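Inspection log for the structure reproduced underneath, given as structure tokens.
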Amino acid sequence: MRIVVCVKEVLDPDAVNNYAVAGRLEIGADGKTLTQTAIPRLMNGYDEQAIEAALRLRDAGAEFTLCVLSVGSDPDKLLKHAAALGAEELISIQVDPATLDPQATAKLLASQIQASGGAEVVFCGRQASDDDQGVVPVLIAEHLNMSVVTVAREIRLESDALTIIRATPEGDEIVRAACPAVVTITNELGEPRYPTASAKIKARRVKPTIVTPAELSLSAEEIAPKVLLKQQFVPEVQGNCEFLEGDAAQVAGQLLEKLRAEGTLQ
Amino acid sequence: MSQQPIVVCSFGEGRDGLPPGAEEVLHIGRNLAQACEAPLMWVILGPLPERASATAGLYGVQNLHQIDDAKLEANHTDAQVAALAAYGKAQTPQAILVHQTLEARTVAPRLAARLGGAVVMNGISISPIGQNFEITASAYGGDTRVIYEVGPKPVLAFIPNAVIPEPGSGSAIDAEPFAVDLSGVEERIEVLEPAHFDGPRLDDADIIVSGGRGLGSQDNYSLIEQLAEALGGIAGASRPLVDDGWVDSSHQVGLTGRITRPNLYVAIGISGASQHMAGCSAAKTIVAVNRDPEAAIFQHARFGIVGDALEIVPELIRAASAG
Ligand SMILES: Cc1cc2nc3c(=O)[nH]c(=O)nc-3n(C[C@H](O)[C@H](O)[C@H](O)COP(=O)(O)OP(=O)(O)OC[C@H]3O[C@@H](n4cnc5c(N)ncnc54)[C@H](O)[C@@H]3O)c2cc1C
């Protein structure tokens with residue numbers, strides 16, 4: 001059995017948020033790109049949890065080869081981390097992500113999964129924290145003719161089917177999907193583990209296979225972006241907070257009075 | 001040849017006689033159709049919601065289509081995609097617009113792939129540019145906005161509360177059935193236990209009191225529930241509380257939780273990260289209680305109280321109960 005996890009490198013969303021809150025998030029001269037070079041790049045959080053989902057299946061006794069796959073220009077750090085966590089196969093599709101859209105990315109990932117031996121299960125994060133689009137996993141499923149189950153927080157693998165608890169806005173839903181399937185992972189899965197120091201050293205021996213789009217026999221048209229980023233900007237937040245002063249009972253009384261006076265409360 | 005239509009697509013019965021988010025997307029669809037000088041069509045999957053015909057009239061819909069089939073149950077996304085792909089091939093719309101639900105997040109990309117068009121999620125507004133469209137969407141959890149240009153035949157999903165719908169006037173129109181053959185579709189996902197939620201919903205709530213990590217411990221969450229009750233509202237939470245299992249995922253407000261638009265949103269011990277604000281910034285009045293005067297939540301709040309939640313909230317409960 002082979003399980004593939006797709007991972008993406010993103011700007012640390014907390015750092016982006018901190019810059020935004022401080023009013024210092026800036027867009028470069030191209031009108032599209034965040035200029036803060038100090039913002040660390042890291043693995044998309046949900047993708048880390050997607051690796052964790054695979055590792056938990058392994059903890060539960062499932063036997064499979066774990067392949068971690070990334071599209072990007074420099075995914076070395078990400079793939080090393082994956083190897084230290086227990087991935088036996090690393091694949092890097094080398095392409096400048098700025099030339100892609102989610103559909104082209106999904107085409108590349110799906111083709112590479114197929115070309116490298118297929119997968120019984122593909123795990124992905126539910127969405128990337130940079131563009132928040134979340135369409136790549138669904139499109140991988142569509143291209144590979146697999147079923148897709150989103151927002152999984154717990155997964156059991158029984159021979160050739162998955163039982164999955166989905167964390168939906170309506171609460172938990174339990175579904176069953178035959179393999180092969182694409183499963184997207186949500187934060188409710190819980191904390192991903194960290195690799196040990198010795199695993200990190202051993203992981204240096206696992207070398208990524210480097211693939212270029214040309215090797216995937218996809219036509220230029222198939223990986224031409226249909227969604228073009230033209231502009232990015234930072235929306236304004238209007239700040240007119242009235243701070244209430246006094247001891248706890250006083251501020252509570254003032255607040256209720258103001259809300260009632262405004263008609264917000266009856 | 002007349003202009004190809006703009007299609008609004010809705011699924012589910014909703015709770016108020018309309019599919020979720022239908023009016024918002026009809027509002028966006030009507031404006032886009034006008035800008036493109038194209039007809040507006042509305043297609044509904046499943047049983048016809050009570051207010052569909054009247055609402056279609058109010059938003060200038062020219063054709064209201066209903067695709068009904070036993071296979072089109074909630075969450076049956078294989079059947080939904082197949083039905084909409086058949087519909088899309090027959091109507092050849094310029095663009096298909098949907099309200100972004102969890103289900104739509106699965107259907108929209110697959111539909112786009114089958115129709116050969118682009119797909120964009122998290123849309124806020126849209127306008128035509130030549131044969132293409134320009135769509136403004138949210139990114140980085142709301143820290144930025146992006147403007148994408150997409151080619152013809154896209155499937156575009158709009159976030160809840162992107163617009164406040166303004167119905168026009170117009171008389172009801174009858175739904176026309178649109179027949180599709182789903183006999184070959186076999187649903188690949190089997191639902192063993194559906195999610196069911198019967199309590200009052202955050203997305204319908206007029207008043208929400210949410211707690212965050214600043215509460216310190218799970219036990220203190222009961223303060224949030226008590227304050228919500230005293231104010232006649234319901235209790236929500238930031239993501240860390242869901243991650244730590246203090247409350248279940250139906251309580252989560254934010255980008256990946258509930259997108260709400262209450263009259264009053266009270267945030268207790270919540271820092272105001274963009275991904276949280278994505279679910280409550282449409283609130284009319286935001287009140288924040290936070291120990292840190294520099295917390296981002298105060299940039300969004302109308303009223304702020306700097307202090308310890310464990311001291312302030314009991315007083316708020318008292319003051320609210322006294323009223
Ligand atoms: C892709 C992505 C999606 C996400 N989706 C969501 C989402 O849907 N919803 C969501 O909420 N988050 C989401 N997040 C997480 C989000 O970025 C924040 O991490 C989260 O909202 C923080 O929750 P918090 O404010 O409760 O905790 P913290 O950020 O830790 O803030 C706690 C606050 O409590 C205050 N405090 C501490 N003690 C007290 C006290 N005694 N009294 C009063 N105040 C006190 C502190 O000053 C602080 O401001 C997402 C993140 C990512 C990357």
Side-chain angles (χ1 to χ4, degrees), chain A residues 13 16-17 20-21 25 103 126 129-135 138-139 142 147-151 163 167-178 186-188 190 226-235 237 239-244 248-249 251-253 255-256 258-260 262 264-265, chain B residues 102 105-106 109-110 113 117-122 138-141 143-151 188-197 231 239 242-243 248-250 255 257-258 263-264 273-274 285 287 296 298-307 311-312 315-316 318-320 323:
Chain A
V16 172
N17 201 214
V21 168
L25 196 59
Q103 296 172 94
R126 63 179 287 172
S129 60
D130 50 5
D131 64 20
D132 290 325
Q133 288 290 307
V135 303
V138 182
L139 287 171
E142 180 69 13
S147 58
V148 56
V149 178
T150 60
V151 296
T163 305
T168 82
E170 312 274 292
D172 284 351
E173 176 184 85
I174 307 177
V175 302
R176 196 178 153 81
T186 183
N187 49 286
E188 285 88 343
K226 293 190 168 93
V227 178
L228 294 174
L229 177 62
K230 289 185 69 176
Q231 202 189 324
Q232 181 162 211
F233 60 95
V234 180
V237 180
N240 63 340
C241 184
E242 178 181 345
F243 286 96
L244 307 177
V251 291
L255 178 67
L256 270 289
K258 285 180 189 290
L259 292 175
R260 286 185 185 120
E262 278 192 346
T264 304
L265 286 178
Chain B
L102 195 57
R105 271 190 163 282
T106 301
R110 295 172 63 193
V119 59
V120 176
M121 312 302 296
N122 304 318
S138 156
Y140 285 104
D143 280 329
T144 71
R145 298 272 184 274
V146 283
I147 300 178
Y148 294 121
E149 183 170 340
V150 298
R188 289 174 291 186
I189 310 289
E190 182 192 353
V191 178
L192 302 179
E193 245 177 65
H196 58 95
F197 185 83
L231 290 172
R239 186 173 92 172
V242 177
D243 286 343
D248 76 32
S249 50
S250 66
L255 178 72
R258 293 285 184 178
N263 255 320
L264 174 63
S274 58
T285 302
V287 171
F298 291 125
Q299 295 184 4
H300 302 267
R302 172 75 189 86
F303 299 111
I305 297 176
V306 177
E311 286 171 23
I312 311 279
E315 292 301 333
L316 287 173
R318 208 161 296 150

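Quick caveat, the model's predicted, so the values are computed rather than measured. Throughout, a chain's letter reflects where its sequence line sits, starting with A, and its residues are numbered from 1.
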For residues [X] and [Y], report the shortest heavy-atom separation together with the two atoms involved.
X        : Y        : value
A:Ala248 : B:Glu311 : CB-O, 3.7 Å
B:Val119 : A:Gln103 : N-NE2, 3.5 Å
A:Gln133 : B:Arg105 : O-NH1, 2.6 Å
A:Val138 : B:Arg110 : CG1-CG, 3.4 Å
A:Cys241 : B:Gly304 : SG-N, 3.4 Å
B:Pro109 : A:Leu139 : O-CD2, 3.3 Å

Among the options [options], pick out the one with the most heavy-atom pairs lying under 4.5 Å from chain B.
options                                : result
A:Val148, A:Val234, A:Asp131, A:Val16  : A:Val16
A:Leu255, A:Val251, A:Ile174           : A:Ile174
A:Pro235, A:Ala167, A:Ala249, A:Pro13  : A:Pro235
A:Leu259, A:Thr186, A:Val149           : A:Leu259
A:Leu256, A:Asn240, A:Val237, A:Asp130 : A:Asp130

Heavy-atom pairs under 4.5 Å with chain A are the metric here; pick the option from [options] that has the most.
options                      : result
B:Val120, B:Leu192, B:Val150 : B:Leu192
B:Ser138, B:Ala113, B:Pro194 : B:Pro194
B:Ile312, B:Asn263, B:Leu264 : B:Leu264

Original post:
Residues in side chain to side chain donor-acceptor pair (under 3.5 Å) with A:Glu262, at least two apart?
Top reply: A:Thr264
Donor-acceptor pair, side chain of [X] and main chain of [Y], under 3.5 angstrom:
X        : Y        : value
B:Gln299 : A:Val21  : yes
B:Asn122 : A:Asp132 : yes
B:Arg258 : A:Pro169 : yes
A:Glu170 : B:His196 : no
B:Asp248 : A:Gly171 : no
B:Arg145 : A:Gln231 : no

I need the [X] [atom1] to [Y] [atom2] distance, nearest 0.5 Å.
X        : Y        : atom1 : atom2 : value
A:Glu188 : B:Asp243 : CD    : CG    : 6.0 Å
A:Thr163 : B:Glu193 : OG1   : CD    : 11.0 Å
A:Glu242 : B:Phe298 : CD    : CZ    : 13.0 Å
B:Ile189 : A:Glu173 : CD1   : CD    : 9.5 Å
B:Leu231 : A:Leu265 : CG    : CG    : 6.0 Å

Subject >> Side chain, backbone, both or neither of B:Ser274 within contact of chain A (heavy atoms, under 4.5 Å) >> reply: both
**OP:** Please look at A:Leu244 and chain B and tell me whether the side chain, the backbone, both or neither of the residue comes under 4.5 angstrom of a heavy atom of that chain.
**Re:** both
Original post:
Can you say whether A:Thr168 sits under 4.5 Å from chain B via the side chain, the backbone, both, or neither, judging by heavy atoms?
Top reply: both
Original post:
Can you tell if the side chain of B:Ile147 reaches within under 4.5 Å of the side chain of A:Phe233, non-hydrogen atoms only?
Top reply: yes
Subject >> Non-hydrogen side-chain atoms of A:Leu25 and B:Thr144 separated by less than 4.5 Å >> reply: yes
